[in-house]
Amino acid sequence: MKQHVVKSLQTAFESLKEQWGIDSIPDIEVEIPRDEKMGDFATPAAMKLARILKKPPGEIADEIVVTLHEQSSDIFESIDIAGPGFINFRFNNNFFRNQLKALLEGEKSMLQSDTGKGRKIQVEFVSANPTGPLHIGHGRGAAVGNALCNILDAAGYEVEREFYINDAGLQIKLLGQSVYARYQQLFGNDIEFPEDGYRGDYIDSVAESVKEKYGDTYAHQTFDECGDPVTEFACNMMLENIKKDLKDFGVIFDSWQSEKELHEKGMVRHALDTLRDKGLLYEEEGAHWFRSTEFGDDKDRVIKKKDGAFTYFASDISYHKNKLDRGFDEIIDIWGADHHGYIQRIRSVLEAFDLPRDKFRVILIQMVSLLRHGEPVPMSKRAGAFITLREVIDEVGPDITKFIFLTRKADSHLDFDIDVAKEQSSENPVFYVQYAFARISSIFRLAEEKGMKGAENLNYHDVDFSALQEDEDMSLIKKLLQYPVVFEGAATACEPHRITYYLQELAGVFHAYYYKHRVLSDDGRLTLARLSLCRGIKIILEHGLKLLGVSAPESM
RNA sequence: GCCCCCGUAGCUCAGCAGGAUAGAGCGGCAGAUUCCUAAUCUGUAGGCCACGUGUUCGAAUCGCGUCGGGGGCGCCA
């Protein structure tokens with residue numbers, strides 16, 4: 001739909017270029033005006049050109065509109081100039097009806113975009129340390145990452161969803177030590193609990209499981225003797241829990257990349273060698289450094305410590321090189337907002353490995369403040385006092401939780417009040433959208449009962465769309481045809497919340513429509529046309545909800 | 001001290017890489033159901049877009065500064 005406007009403008013500019021005496025036209029911007037009364041699409045092109053042509057915007061707009069009118073086009077109701085020089089386009093109703101018909105006849109094609117053009121893109125998200133259960137912040141990352149992947153996938157990208165497992169390093173060792181200590185306590189051995197150890201209840205269950213599986217095998221061994229198997233056991237158990245939580249949340253990954261494996265396969269060393277060959281590593285004060293300042297970082301970063309151990313950053317270098325080696329054209333990392341300080345150094349790494357700047361993108365997930373009865377719930381992973389994603393899924397449900405996470409921009413703070421999400425269910429926006437879907441489904445059920453076989457899969461070729469005459473008919477059609485525009489915006493900006501907002505708007509227009517007009521009536525011609533319209537809305541609602549990872553119930 | 005995010009209606013937040021008279025939900029007030037699901041709809045009140053200053057035809061949006069809230073700044077992960 002937007003393309004029709006853009007094309008008309010392009011053609012007009014082609015013929016005006018000579019007259020204006022310029023070689024190229026700046027990018028054509030076309031937007032949906034905030035107020036429906038202004039038109040269906042608008043362009044501020046004349047105002048942009050004013051500067052280049054050194055003429056008043058109104059005059060330029062005039063020339064453009066005259067040229068547009070000369071191009072015989074039967075899709076516009078009107079093209080006129082408003083405000084400081086906007087050109088407003090209004091399609092005629094027949095065009096809208098035809099577009100609706102096209103959507104119904106070729107569902108898939110209109111809902112598929114080629115923005116991605118088959119490019120390979122990897123999205124890494126959640127990537128929680130397997131040192132404890134997922135908390136609500138991970139849940140937000142999971143919801144956003146999942147929705148984004150769905151969107152990119154529908155936009156024509158070849159998407160891989162990856163979870164990076166930090167199963168090497170100090171934190172994992174601490175996990176092992178914590179479990180070891182609890183395990184010893186099960187046998188009455190009073191072992192000193194590690195100072196920075198993990199104190200959550202889940203550590204006890206892991207220790208119990210170790211005992212169940214291995215009995216007292218390690219009861220008389222020091223951590224040095226049995227640390228490896230205990231740690232590995234604990235890590236695996238944590239990881240299995242994480243996988244299960246994510247699965248129950250409705251988030252599936254294609255790939256799980258282990259940090260430990262990067263070390264074991266020598267990939268860390270290899271990646272560093274590559275950097276060394278490029279002259280980007282140096283030694284100073286007994287440590288090894290990466291020249292990230294070459295790429296705009298504040299300071300160079302240590303990759304190997306004085307004591308000979310690699311830093312976490314070293315694994316990250318290897319990990320991101322590995323991503324490139326796997327042939328991804330674009331890379332998206334979704335991190336907690338507290339990691340924002342890492343963006344520049346990872347960007348430096350990728351540039352060092354020759355990935356163009358604009359092919360790497362970090363999406364930061366802001367913190368979630370969890371509330372109960374309006375009171376903040378304190379969270380501390382080390383102390384083991386926090387609400388897990390599991391608890392929220394069990395208490396609130398995955399659909400509501402995901403939807404709420406997706407009602408905000410990823411990088412703004414989010415208040416998540418469990419009681420509001422759960423108890424005031426009738427005021428929950430997710431139900432508002434789902435209810436629209438259920439209502440439509442109900443209409444189709446009734447139509448079937450009334451003997452209209454295949455009401456939901458009509459032969460649209462035979463439907464007379466010109467029966468749709470009311471203002472509300474048209475508003476609804478227009479709203480639903482905006483979907484591809486919104487969808488494309490969400491994909492290019494990597495902002496799933498735009499879909500969430502749109503779905504609420506579409507549901508709103510439908511609910512108002514439903515209240516005012518009947519779909520099933522004595523007028524057979526009108527009924528068929530409105531059933532078709534309903535089918536269109538149902539398709540869009542279902543498509544949108546699916547992108548968000550939220551179910552679309554046939555009845556509620 | 002340096003860096004990042006945020007500051008829009010009573011509350012929670014949108015505002016799409018400057019554009020037209022600033023929006024939604026919730027809450028408030030007043031209404032709507034003989035009719036396809038009232039988890040719905042209609043109307044109404046409510047804003048110096050934190051503050052100041054610059055850039056320009058035009059700023060909630062961009063620059064600089066101030067104030068306020070949150071987070072980050074290790075040879076930790």
Side-chain angles (χ1 to χ4, degrees), chain A residues 29 31-35 38 42 44 47-48 50-51 56-57 82-86 88 129 131 166 168-172 174 196 259 284-289 298-299 301-313 315-316 336-344 364 366-367 369 374 404 407-409 411-417 420 424-436 438-447 449-450 485-486 488-490 492-493 495 497-498 500-501 504-505 507-508 510-521 527 530-531 534 555-556:
Chain A
E29 289 173 47
E31 59 191 31
I32 298 173
R34 45 179 50 138
D35 192 341
M38 296 170 182
M47 293 177 293
K48 303 272 182 220
R51 205 161 308 174
F86 282 98
N88 289 340
N129 286 356
T131 53
N166 293 123
L170 186 64
Q171 297 307 316
I172 287 295
L174 272 173
D196 295 323
E259 178 187 3
E284 196 175 286
E285 296 172 22
H288 291 68
W289 303 70
D298 296 343
K299 48 185 167 185
R301 307 290 173 175
V302 171
I303 48 107
K304 193 177 184 181
K305 297 183 271 186
K306 224 186 269 180
D307 66 7
F310 288 115
T311 60
Y312 175 82
F313 181 50
S315 324
D316 259 354
D338 55 338
H339 284 64
H340 85 263
Y342 283 75
I343 297 177
Q344 193 47 54
L364 294 178
Q366 264 299 347
M367 306 211 121
S369 306
I404 291 176
T407 53
R408 299 279 180 291
K409 245 184 338 189
D411 62 357
S412 17
H413 290 264
L414 172 72
D415 281 346
F416 189 98
D417 192 312
V420 171
Q424 300 191 324
S425 56
S426 64
E427 286 151 14
N428 207 304
V430 65
F431 292 122
Y432 187 79
V433 176
Q434 287 181 322
Y435 186 53
R439 269 185 154 174
I440 293 172
S441 305
S442 166
I443 293 172
F444 285 121
R445 276 195 299 274
L446 196 75
E449 279 171 30
K450 285 189 172 179
V485 180
V486 174
E488 196 180 314
T492 52
E495 292 183 348
H497 76 277
R498 295 193 195 187
T500 319
Y501 271 84
Q504 293 183 72
E505 285 169 16
F510 172 74
H511 283 310
Y513 178 86
Y514 181 91
Y515 189 82
K516 190 161 180 183
H517 298 291
R518 284 191 64 82
V519 173
L520 306 174
S521 65
T527 299
R530 287 194 168 156
L531 278 173
C534 284
S555 68
M556 291 173 71

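Keep in mind that the numbers below use all heavy atoms, side chains included, and drop hydrogens, waters and symmetry copies. Just so it is clear: chains get the letters A, B, ... in the order the sequence lines come, proteins before strands, and each one is counted from 1.
- In this structure, the CG atom of A/N129 is 11 Å from the C1' atom of B/rC76, given to the nearest Å.
- Both distances falling under 3.5 Å, in either a Watson-Crick or a G-U wobble arrangement, occur for no nucleotide opposite B/rU21.
- No contact: A/Q504 has no heavy atom under 4.0 Å from any strand.
- Of all nucleotides listed (B/rC41, B/rU12, B/rG19), B/rU12 comes nearest to the side chain of A/D415.
- Ring geometry for A/Y513 against A/H517 counts as tilted: the plane angle lies between 30° and 60°, on a 0 to 90° scale.
- Nearest to the side chain of A/H497, among B/rA14, B/rU40, B/rC36, sits B/rA14.
- The side chain of A/S521 contributes no N or O atom lying less than 4.0 Å from OP1 or OP2 of B/rC35.
- What separates CZ of A/R301 from P of B/rG72 is a distance of 16 Å, to the nearest Å.
- Donor-acceptor pairing under 3.5 Å, judged by distance alone, is present between the side chain of A/Y515 and the base of B/rA32.
- Within the 4.0 angstrom heavy-atom criterion, only backbone atoms of the sugar-phosphate kind lie near A/D411; the bases stay farther away.
- In this model, a side-chain donor or acceptor of A/N88 finds a partner on the base of B/rA20 within 3.5 Å.
- Taking atom P in both B/rC26 and B/rU42, one finds a spacing of 11 Å when rounded to whole Å.
- The A/D338 side chain lies nearest to B/rG72 when the options are B/rG72, B/rC5, B/rC75.
- Look at CD1 on A/I172: it is 17 Å from P on B/rC76, rounded to the nearest Å.
- The two atoms that bring A/N428 and A/V420 nearest to each other are ND2-O, 4.3 Å, heavy atoms only.
- Taking atom CG of residue A/D316 and atom P of nucleotide B/rC76, one finds them 15 Å apart after rounding to whole Å.
- Between B/rG47 and B/rG65, the distance separating the two P atoms is 32 Å to the nearest Å.
- Using atom P as the reference point in both B/rG70 and B/rU12, the two lie 14 Å apart (nearest Å).
- Using a 4.0 Å heavy-atom cutoff across all strands shown, A/F86 reaches at least one base atom of the nucleic acid.
- In this structure, A/Y312 and A/N166 have side chains that are in contact, with non-hydrogen atoms separated by less than 4.5 Å.
- Between the CG atom of A/D298 and the P atom of B/rG72 there is a distance of 17 Å, rounded to whole Å.
- Positionally, the nearest nucleotide of RNA chain B for A/D35 lies more toward the 5' end than for the other of A/K305 and A/D35.
- Taking 4.0 angstrom as the limit, A/R439 places none of its side-chain polar atoms (N or O) nearer than this to OP1 or OP2 of B/rU40.
- Contact annotation for A/I343: no contact, since no heavy-atom pair falls under 4.0 Å across all strands.
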Open item on the list: For A/I443 and A/R530: C-alpha separation, side-chain torsions, deciding distance, then whether side-chain contact (heavy atoms from CB on, under 4.5 Å) applies.
Closed with: CA-CA 11 Å; A/I443 293 172; A/R530 287 194 168 156; over 6 Å; no
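- Here the side chain of A/H413 is nearest to one of B/rC76, B/rA14, B/rG69, namely B/rG69.
- Counting only heavy atoms from C-beta on, A/M367 has its side chain closest to B/rG71 among B/rC75, B/rC36, B/rG71.
- The cationic atom of A/R439 (NZ for Lys, CZ for Arg) does not lie both less than 6.0 Å from the six-membered ring centre of A/F510 and within 45° of the ring axis.
- Within 4.0 Å of A/A42, counting heavy atoms only, lies at least one base atom of the nucleic acid.
- The residue A/L520 sits close to a base: some heavy atom pair falls under 4.0 Å.
- Comparing the same atom, P, in B/rA45 and in B/rA38 gives a spacing of 28 Å after rounding to whole Å.
- Along RNA chain B, the nucleotide closest to A/A287 and the one closest to A/G508 are compared, and the more 5′ of them pairs with A/G508.
- Using N1 to N3 plus N6-O4 or O6-N4 for Watson-Crick, or N1-O2 and O6-N3 for G-U wobble, each under 3.5 Å, B/rC73 pairs with B/rG1.
- Taking each heavy atom of A/A507 and A/A436 in turn, the nearest pair found is CB-CB, 3.9 Å.
- In this structure, CD of A/E505 is placed 10 Å from P of B/rG25, rounded to the nearest angstrom.
- If you check every strand for non-hydrogen atoms under 4.0 Å, A/R34 touches a base.
- Side-chain atoms of A/H340 lie closest to B/rG71 of the nucleotides B/rG71, B/rC5, B/rC41.
- Defined by atom type and a distance below 3.5 Å, a donor-acceptor pair is missing between the side-chain atoms of A/T131 and A/Q171.
- In this structure, A/S442 reaches the bases: a heavy-atom distance under 4.0 Å links it to at least one base atom across the strands shown.
- Remark: the separation of the C1' atoms in B/rA9 and B/rU44 is 14 Å, to the nearest Å.
- Ranking B/rG19, B/rG72, B/rC75 by closeness to the A/K48 side chain, first place goes to B/rG19.
- With a cut-off of 3.5 Å on both Watson-Crick or G-U wobble distances, the partner of B/rA50 is given as B/rU66.
- When the side-chain nitrogen and oxygen atoms of A/Y432 are compared with OP1 and OP2 of B/rC41, one or more of them lie within a distance under 4.0 Å.
- The main-chain N or O of A/S521 is found under 3.5 Å from a side-chain atom of A/T527 such that the two form a donor-acceptor pair.
- Here the separation of B/rC4 from B/rG43, taken at their P atoms, is 44 Å to the nearest Å.
- Checking side-chain atoms of A/R408 against main-chain N and O of A/H413 turns up no donor-acceptor pair under 3.5 Å.
- At least one side-chain heavy atom of A/Q434 sits less than 4.5 Å from a side-chain heavy atom of A/F431.
- B/rU34 makes up no base pair with any nucleotide shown, lacking Watson-Crick or G-U wobble contacts both under 3.5 Å.
- Between A/K409 and B/rG15, a side-chain N or O to OP1/OP2 separation shorter than 4.0 Å is present.
- Checking the phosphate oxygens (OP1, OP2) of B/rC2, no side-chain nitrogen or oxygen of A/K299 falls inside 4.0 Å.
- Nucleotide B/rU61 forms a pair with no other nucleotide shown, judged by Watson-Crick or G-U wobble geometry with both contacts under 3.5 Å.
- In this structure, CD of A/E285 is placed 10 Å from P of B/rC75, rounded to the nearest angstrom.
- Comparing B/rG23 with B/rU8, their C1' atoms are spaced 10 Å from each other, to the whole Å.
- Taking only side-chain atoms of A/T311, from C-beta outward, the nucleotide of B/rC75, B/rG19, B/rC41 with the closest atom is B/rC75.
- Across B/rU40, B/rC75, B/rA20, the shortest atom-to-atom separation from the side chain of A/H511 is found for B/rU40.
- For A/A512, taking side-chain heavy atoms from C-beta onward, the closest of the listed nucleotides B/rC41, B/rC36, B/rC75 is B/rC41.
- Look at B/rU44: its Watson-Crick or wobble partner, with both distances under 3.5 angstrom, is B/rG28.
- For B/rA14 and B/rC76, the P atoms lie 37 Å apart once the distance is rounded to whole Å.
- Counting non-hydrogen atoms under 4.0 angstrom, A/T492 reaches nothing in the nucleic acid.
- We find that CD of A/E495 is positioned 17 Å from P of B/rC13, with the value rounded to whole Å.
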